[in-house]
Amino acid sequence: LYTYSNRAFERITGYRLADFAQFTAVKMGQLVHPEDQLHYMDSLMKLNELKIGELSEFEYRFLHQKGHWLWLMTRAVVFQVNEEGRTTQI
C-alpha cells in the first residue's frame with residue numbers, strides 16, 4: 001500500500017516502518033478511526049484522479065500501537081501514472 005513513509009512515523013505511531021510497509025488496505029482500515037474511515041477511503045480514491053506533481057493532503061485519526069488515537073496528516077505527491085492516467089506511485 002505504501003512505499004515511503006516519513007522516518008518520524010515510528011516515533012509518532014509506535015509502529016516500525018518495516019511493519020508498516022507490509023500493512024494491507026484492510027489493516028490500515030482497522031487502524032483508522034471509525035468516524036474517519038469514509039473520509040480516509042475517499043481521500044485515497046481521489047489520489048487516482050491527480051496528475052503527476054499534484055499534491056493531496058488529508059487528516060484522520062490513527063490508532064497508535066499502544067492503543068490511543070492520534071491525529072495524522074497524510075501528504076502525498078503523485079510521481080507516476082499509468083497509460084490510463086491512474087496513479088501508480090505516490
Side-chain angles (χ1 to χ4, degrees):
L1 188 60
Y2 290 94
T3 57
Y4 170 79
S5 290
N6 186 307
R7 291 180 192 205
F9 179 84
E10 287 185 21
R11 179 179 44 81
I12 294 168
T13 68
Y15 297 98
R16 294 177 348 145
L17 282 175
D19 295 335
F20 181 65
Q22 302 301 314
F23 285 179
T24 64
V26 171
K27 176 67 174 175
M28 283 299 296
Q30 294 169 345
L31 297 174
V32 172
H33 192 281
E35 293 177 7
D36 298 332
Q37 286 184 358
L38 189 58
H39 167 69
Y40 177 80
M41 293 306 294
D42 185 50
S43 297
L44 288 181
M45 295 302 292
K46 287 180 180 177
L47 292 174
N48 284 317
E49 301 168 9
L50 299 178
K51 309 263 186 281
I52 292 175
E54 288 186 317
L55 173 71
S56 174
E57 294 180 343
F58 51 99
E59 294 181 348
Y60 52 95
R61 286 166 284 186
F62 187 82
L63 187 62
H64 188 279
Q65 191 264 344
K66 291 185 178 179
H68 59 275
W69 294 104
L70 308 166
W71 276 100
L72 295 183
M73 174 191 281
T74 291
R75 181 177 291 151
V77 176
V78 176
F79 291 106
Q80 186 176 0
V81 297
N82 64 17
E83 294 165 355
E84 292 83 36
R86 299 195 45 96
T87 301
T88 57
Q89 184 180 12
I90 57 172

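This one's a predicted model, so the numbers in the text were calculated from it and none came from an experiment. Here, residue 1 is the first one in the sequence, and each next residue gets the next number.
- At a threshold of 4.5 Å between side-chain heavy atoms, the hydrophobic network of Ile, Leu, Val, Met, Phe, Trp and Tyr places Val81 and Val77 in two separate groups.
- Listed by chain and number, the residues in a ring pair (Phe, Tyr, Trp, His ring centres under 6.0 Å) with Phe79 amount to none (sequence neighbours excluded).
- From Glu59, atom CD reaches atom OG1 of Thr74 across 9.5 Å, with rounding to the nearest 0.5 Å.
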Scan the side chains in residues 45-58 for donor-acceptor partners under 3.5 Å anywhere in the protein, sequence neighbours excluded, and list what turns up.
| from | atom 1 | to | atom 2 | distance (Å) |
| --- | --- | --- | --- | --- |
| Lys46 | NZ | Asp42 | OD2 | 3.3 |
| Glu54 | OE1 | Lys51 | N | 2.5 |
| Glu57 | OE2 | Arg75 | NE | 2.6 |
| Glu57 | OE2 | Arg75 | NH2 | 3.0 |

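- In this structure, Leu72 CG and Arg61 CZ are separated by 11.5 Å, a value rounded to the nearest 0.5 Å.
- Partners of Ala18 according to the side chain to side chain contact (heavy atoms under 4.5 Å, CB included) rule, which considers only residues two or more places apart in sequence or in another chain, are Arg16.
- Screening residues 77-90 for salt bridge (Lys or Arg N to Asp or Glu O under 4.0 Å) gives no qualifying pairs among residues at least two apart or on separate chains.
- Asp19 CG to Thr13 OG1: the interatomic distance, rounded to the nearest 0.5 Å, is 10.0 Å.
- The aromatic rings of Phe9 and Phe20 are tilted relative to each other, their planes meeting at an angle between 30° and 60°.
- Contact annotation: the side chain of Asp36 approaches that of Trp71 to within less than 4.5 Å [non-hydrogen atoms, C-beta and beyond].
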Name each donor-acceptor pair under 3.5 Å that joins a side chain in residues 26-34 to protein atoms two or more places apart or in another chain, with its distance.
| from | atom 1 | to | atom 2 | distance (Å) |
| --- | --- | --- | --- | --- |
| His33 | ND1 | Glu35 | N | 3.0 |

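- Relative orientation of the Tyr60 and Phe62 rings is perpendicular, given thresholds of 30° and 60° on the angle between their planes.
- The heavy-atom pair separating Leu17 from Glu10 by the smallest distance is N-OE2, 3.0 Å.
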